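Heavy atoms only: backbone and side chains are in, while hydrogens, waters and symmetry mates are out. Chain identifiers are assigned alphabetically (A, B, ...) following the order of the sequence lines, protein sequences preceding nucleic acid strands; residue numbering begins at 1 within each chain. Please read all numbers here as calculations on a predicted model, not as lab measurements.
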4 protein chains.
Amino acid sequence: MHTQRFYTLTGSCPDRAGIVARITGFIAEHGGWIFESNMHTDHEQQRYFLRIEIRADSIPYLLAEFRERFRPLADELGMDDWKINDSAVKKRVVLMVSKQEHCLYDLLSRWQSKELDIEIPCVISNHDTFRGLVEWHGIPFHHVPVTADNKPAAYAEVRRIYEEVRGDVMVLARYMQIIPPDMCRDYPGRIINIHHSFLPSFVGAKPYHQAHARGVKLIGATCHYVTEELDQGPIIEQDVIRIDHSDSVDDMVRYGKDIEKAVLARGLRYHLEDRVLVHGNKTVVFR
Amino acid sequence: MHTQRFYTLTGSCPDRAGIVARITGFIAEHGGWIFESNMHTDHEQQRYFLRIEIRADSIPYLLAEFRERFRPLADELGMDDWKINDSAVKKRVVLMVSKQEHCLYDLLSRWQSKELDIEIPCVISNHDTFRGLVEWHGIPFHHVPVTADNKPAAYAEVRRIYEEVRGDVMVLARYMQIIPPDMCRDYPGRIINIHHSFLPSFVGAKPYHQAHARGVKLIGATCHYVTEELDQGPIIEQDVIRIDHSDSVDDMVRYGKDIEKAVLARGLRYHLEDRVLVHGNKTVVFR
Amino acid sequence: MHTQRFYTLTGSCPDRAGIVARITGFIAEHGGWIFESNMHTDHEQQRYFLRIEIRADSIPYLLAEFRERFRPLADELGMDDWKINDSAVKKRVVLMVSKQEHCLYDLLSRWQSKELDIEIPCVISNHDTFRGLVEWHGIPFHHVPVTADNKPAAYAEVRRIYEEVRGDVMVLARYMQIIPPDMCRDYPGRIINIHHSFLPSFVGAKPYHQAHARGVKLIGATCHYVTEELDQGPIIEQDVIRIDHSDSVDDMVRYGKDIEKAVLARGLRYHLEDRVLVHGNKTVVFR
Amino acid sequence: MHTQRFYTLTGSCPDRAGIVARITGFIAEHGGWIFESNMHTDHEQQRYFLRIEIRADSIPYLLAEFRERFRPLADELGMDDWKINDSAVKKRVVLMVSKQEHCLYDLLSRWQSKELDIEIPCVISNHDTFRGLVEWHGIPFHHVPVTADNKPAAYAEVRRIYEEVRGDVMVLARYMQIIPPDMCRDYPGRIINIHHSFLPSFVGAKPYHQAHARGVKLIGATCHYVTEELDQGPIIEQDVIRIDHSDSVDDMVRYGKDIEKAVLARGLRYHLEDRVLVHGNKTVVFR
């Protein structure tokens, strides 16, 4: 980590000889100074993934022009998912919460201290529980109740708000509702969930009850992108914590909170720093 | 974990045959139903440690009388540190903070959700930074500045407040000042600190800088009771997190926060649930 | 851990008031000195579990008589699974292996150094690969090939050998065959397997391939008792290790070996020290 | 990991713009296909580190010629520690042991299965304990006793053997002697030790006793290069394991073995795969 402004180039393309040389050659020709670079070849998929941080002040063009200049090379290499982001442009993170507090407090704490250098344009919740806390922090709070009857209208409203505040990513911070399939489809790689189990174990509801019934000796949490299939999206980050026979479901819930918030925060940070590249149902995470 | 009211008996005594039988026999004679019991023999010190949870409604006496009835047995066994606490009496935890937010937010979150079932009679800080947040939670906030010149007066004021609110334990939640020796002596086992290294490595100031200079591959945090000797008190809980060569001191600080707050919360909980018995400079922690 | 001879009493019974007092009272009446004791109440099942180590030289009876004297109390309390074992009697562990070496070398190393204080009366394998290594250690080696056609005869032979050497427990140290249902039924809690995934994820064949396909960020290993249902038996111990996108299936296999052998060794030790009590499909593990 | 033959280029140089482009451009000009590449900039030291794997069959020169062609560029960039190694040339690892078996068994197991694709030209020990095991594996065993009186002669003999067998690296696999300073100086980065503590805690003798006395809640192991200052060399890898108050020094020794062998094996593998670059007293480890 360093504190200077930089541009982050990410993308993937079919593997072949000379890719790094072409791309870093392009950057060097434009005077670019590389801060950090990560490459990965998926030998099975024959696919090449990269992430490069370039000192912003080493590039004598505006970002828009730099992007245009890079485009022909990206096309030639067959990079169809490339991006160049500017570290000076804060990402806009919309938080979705229900009645559990731990991930919300945790993210507010990281935002307040600028550990997460983001904008939180608003918090959306299906309950009014945390209005006070959120508004005290100077962040708008939207109560959008979800019932068996109003789902289409409720999520239309969520989408309207998200679009209105120009959200870059939506974080389900223990939001206890299932996002409708069309919304999952329309925002691929832009909705991040924290699931309270070590996926693929214990998909769906009440994972701690499932874990207790099976008698596992570790419980986990999984941060993943939301897709149409429940708890099946690309995994960004996971972790576990040890339990034993003396731990009740309530104890598991309590221990679980600690890893849920840590895993969500790590996964979100990887996403925000453009460290996560999705390919198929898997991720490359350049830590 | 369970939710019924219980009494917790803790203590230690010289080891010999028959201790458990005597103590559990005493409890059984009084009709007591044991929920959970932990014993440990330190074979080197020849010392026996125990912690027993007894269903409150199984004892037909008030707690004060139960204690009196237990006293002769405790004396006979040579238990000089025994206590019987009532789970229905919330402990009063005074938080001490400076300008770092992560442990404060974390503890407020656990208090707000009743995960930590405590009273926080007040927060004391040498800075005014978190007055708003603390007061928004309905908790009194005391700003007691500490300078090179006013130390005796400042800590006299801290002690006055702590006594006035009848604090049971004081938690240094990344309070960046050194507690004066007399105060350490007067509150043994009642001041809990979180140190941002894996003690005994990197005692004192700037442990992450020390860790960076040494090139360690894991960094840690240690929750311990405060004693006169800086960072040398009995250790309650520790944990570590992996880093690598690419992590700067700032990265370490950031990763470190996550384990600091988790380790402090775990250590504090063990203390609050009477799971920590101190003997010499070491602890027995019945998890 | 200590080095004196002791008896280990284990068992479980319906929960009620006074159990510890009755049992430790019985021990005290017989002059017994308790080294270590662990108790656990399963509040859901209303069941009480205990494990007590008693100094052998504090009991003025032979073990057989001590057992007989304990029997009436066990009956009264409804303990139907109680045992009193003697630490001086080494358990007889029969190893079953195929062509993977890591768990075998690991267990031989622990046996050679007396870290695991056991007898290994023989090693049985469906391949002849490790005959030399095993016999060099002075341990008999039995090659019992298993094919699609000879399964009943092969496992009849395995059982014959196991009975002949009076095995106490059979350890599937990456034995790549499925134990027949009748054998699972006949030796409940006496066949220990190491499965190369964090169960219940990735049951059955090729778990690392399954893990790679799902894109998980941690892989695991599970030590469990073998039951008729494949990979569904009571879990004794589990652990995980971090991987990332750059790890191929071969890398996972390699990392996995390290946790497989560690988890198997820990689980086996818990079993050998009578620290594992099975109830239904779950375990209580008194570490 | 992949199984094709490759060349590994490693090195470091003062940081400046365009390094990657120059180096990968050079590789591309020679037809080289990059399998895997890792870069790191130490912003404090202004130093750039890299490791690149190049498919051997994509380079139309012998390795010696490829090295000569690279030399001018290395000189220009100021790389003074560069190497290009051939994955087809197995490294020659000389093991040094005393009377503890766990690391020896572990490394023999990994060598036997080709998990570690190395030559072990011989094992040297100050005791004769493991002659049988080592020779059974077909590996020469040298007993070089070390006493207070014969140190210079003993280590002259160790060096003679090491040179004679053309060792690439010497591994102190719980070799319980201190290597003389001149030998440390003469083989920088070529002697790897496993220390049984989480350095910098508990330097020197009996670290588990030290850990027990301090009452830590985790114990560790550290794999590092040996330098003249005892236990102060560059750290390659570390790990820890949880203990508690019930664990004696003997228990710690036992738990410790599990992490010692795992940490040594990981550290050694990083070294063998040219993943470790030393700079000053720290390492860059490209995992």
* What residue, out of C:Gly280, C:Pro234, C:Gly233, has the most heavy-atom pairs lying under 4.5 Å from chain A? -> C:Gly233
* Do C:Asp239 and A:Arg242 meet the salt-bridge criterion of a basic N to acidic O distance under 4.0 Å? -> yes
* Structure fact -> Scanning both residues in full, the closest heavy-atom pair of A:Val216 with C:Pro200 reads CG1-CD, 3.8 Å
* Part of A:Ala213 within contact of chain C (heavy atom distance under 4.5 Å) -> backbone
* With distance as the sole criterion, is a donor-acceptor pair present between the side chains of A:Lys217 and C:Thr222 under 3.5 Å? -> no
* Do other residues, nucleotides or ligands put more than 12 heavy atoms under 6.0 Å from the NZ atom of A:Lys91? -> yes
* What do you reckon, is CD of A:Glu228 surrounded by more than 12 foreign heavy atoms closer than 6.0 Å? -> yes
* Could you check A:Val240 against C:Leu218 for side-chain contact (heavy atoms from CB on, under 4.5 Å), going step by step and ending with a plain yes or no? => CA-CA 9 Å; A:Val240 296; C:Leu218 301 165; 4.0 Å; yes
* To do: Assess whether atom CD1 of C:Ile178 is packed by more than 12 heavy atoms of other residues, nucleotides or ligands within 6.0 Å.
  => no
* Taking all atoms of both residues into account, what is the closest heavy-atom pair of A:Ser201 and C:Phe198, and its distance? -> OG-O, 4.2 Å
* Give, for atom OG of C:Ser246 and atom NE2 of A:His43, the distance between the pair rounded to the nearest 0.5 Å. => 9.5 Å
* Asked: Under the ring-ring contact (aromatic ring centres under 6.0 Å, His included) criterion, do C:Phe286 and A:His245 qualify, and how do the steps go?
  -> CA-CA 9 Å; C:Phe286 290 124; A:His245 58 265; 5.3 Å; yes
* Supply the atom-to-atom distance C:Ile219 CD1 to A:Gln238 CD, rounded to the nearest 0.5 angstrom. => 11.5 Å
* To do: Taking A:Arg214 for its side chain and C:Leu199 for its backbone only, find out whether a donor-acceptor pair lies under 3.5 Å.
  => no
* To do: Please look at C:Glu44 and chain A and tell me whether the side chain, the backbone, both or neither of the residue comes under 4.5 angstrom of a heavy atom of that chain.
  => side chain
* Asked: Between C:His212 and chain A, which part of the residue has a heavy atom less than 4.5 Å away: side chain, backbone, both or neither?
  -> both
